[in-house]
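The structure appears below as structure tokens.
For the numbers below, each heavy atom of this structure counts, side chains included, while hydrogens, waters and symmetry mates do not.
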Amino acid sequence: QVQLVESGGGSVQAGGSLTLSCAASLLSLSGICMGWFRQAPGKAREGVAVIDSKGSTYYFDSVKGRFTISKDNAENTLYLQMNSLEPEDTAMYFCAARSLYRSCSGPRRGDSDYNYWGQGTQVTVSS
């Protein structure tokens, strides 16, 4: 069974940085679309950053210029480098992967574009 396991969350002060990791098992990350999404208490899940099979990326407006998504195919791991964190970034962060059997021509922005989800890692930013 495909598993995505996030790590790297924690508590930081505003202006700080964190790097999230998403390790995949029974799923090769090369050739598929992946993404990071987040959900704050009482709010709907929203996109953070997504990446396609060729490394093209898309960042949602709230994180542009502050977050960087990357993928290490050799390590089979997805990353999210988060800089200049703000209290508004506080949320549970989820890693997502699109099935190999669904095309990945360009970064996929919707959560319905993804088939596999991790359990999430909590990020808390204090002011």
Within one Ile-Leu-Val-Met-Phe-Trp-Tyr cluster: [X] and [Y], side-chain cutoff 4.5 Å:
X     : Y      : result
Phe67 : Val123 : yes
Val2  : Leu100 : yes
Leu80 : Val12  : yes
Met82 : Phe94  : no
Ile69 : Tyr114 : no

| field | Exam field: side chain Ser99 to backbone Tyr101, donor-acceptor pair closer than 3.5 Å | value |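 Flag set: sc Ser99 to bb Tyr101 pair under 3.5 Å.
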| query | Do Lys71 side-chain atoms and Leu29 backbone N/O form a donor-acceptor pair below 3.5 Å? | reply |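 Indeed, once roles are kept as given, a pair shorter than 3.5 Å links the two residues.
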| Between CE of Met92 and CD of Glu6, what distance do you get to the nearest 0.5 Å? |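 Taking CE in Met92 and CD in Glu6, the distance rounds to 9.0 Å.
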| field | Point-to-point distance, once rounded to the nearest 0.5 Å, from CG of Leu20 to CG of Leu78 | value |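 So the gap between those two atoms works out to 9.5 Å.
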| query | Residues two or more places apart in sequence or in another chain: which of them pass ring pair (Phe, Tyr, Trp, His ring centres under 6.0 Å) with Phe60? | reply |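 Checked Phe60 against ring pair (Phe, Tyr, Trp, His ring centres under 6.0 Å); matches are Tyr58.
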If I compare all heavy atoms of [X] with all of [Y], which pair ends up nearest, and what's the gap?
X      : Y      : result
Ser53  : Cys104 : N-SG, 3.2 Å
Thr90  : Ala40  : O-CB, 3.7 Å
Pro107 : Val50  : CB-CG2, 3.5 Å
Leu85  : Leu18  : CD1-N, 3.9 Å
Leu27  : Ala97  : CD2-CB, 3.7 Å

| task | With sequence neighbours excluded, give me every disulfide bond (SG atoms under 2.5 Å apart) pair touching residues 46-100. | result |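 Those involving residues 46-100 are Cys22-Cys95.
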Residues in side chain to side chain donor-acceptor pair (under 3.5 Å) contact with [X], at least two apart in sequence or another chain:
X     : value
Ser17 : Asn83
Ser56 : none
Asn76 : none
Ser28 : Ser30

| message | Does Gln119 have more than 12 heavy atoms from other residues, nucleotides or ligands lying within 6.0 Å of its CD? | response |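 Not more than 12 within 6.0 Å, no.
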| salt bridge (charged side-chain N to carboxylate O under 4.0 Å, His left out) contacts touching residues 94-108 (sequence neighbours left out) |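 The answer is Arg98-Asp113.
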Pairs under 3.5 angstrom only: tabulate donor-acceptor contacts from the side chains of residues 31-39 to other protein residues two or more places apart or in another chain.
| unit_1 | atom_1 | unit_2 | atom_2 | d |
| --- | --- | --- | --- | --- |
| Trp36 | NE1 | Tyr79 | O | 3.1 |
| Arg38 | NE | Glu46 | OE2 | 2.6 |
| Arg38 | NH1 | Asp89 | OD1 | 2.9 |
| Arg38 | NH1 | Tyr93 | OH | 2.9 |
| Arg38 | NH2 | Glu46 | OE2 | 3.1 |
| Arg38 | NH2 | Ser62 | OG | 3.2 |
| Gln39 | NE2 | Lys43 | O | 3.0 |

| request: Would you please name every residue forming a salt bridge (charged side-chain N to carboxylate O under 4.0 Å, His left out) with Glu88, sequence neighbours left out? | output: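 None.
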| said: For Asp52, give me all partners under salt bridge (charged side-chain N to carboxylate O under 4.0 Å, His left out), at least two apart in sequence or on another chain. | reply: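 For Asp52, no residue satisfies salt bridge (charged side-chain N to carboxylate O under 4.0 Å, His left out) once neighbours in sequence are set aside.
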| query | Which pairs with one or both residues in residues 8-29 pass ring pair (Phe, Tyr, Trp, His ring centres under 6.0 Å), sequence neighbours excluded? | reply |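 Not a single pair qualifies under ring pair (Phe, Tyr, Trp, His ring centres under 6.0 Å).
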| request: Tell me, please, which residues at least two apart from Thr68 pass side-chain contact (heavy atoms from CB on, under 4.5 Å). | output: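 Scan of Thr68 (side-chain contact (heavy atoms from CB on, under 4.5 Å), adjacent residues dropped) gives Tyr59, Gln81.
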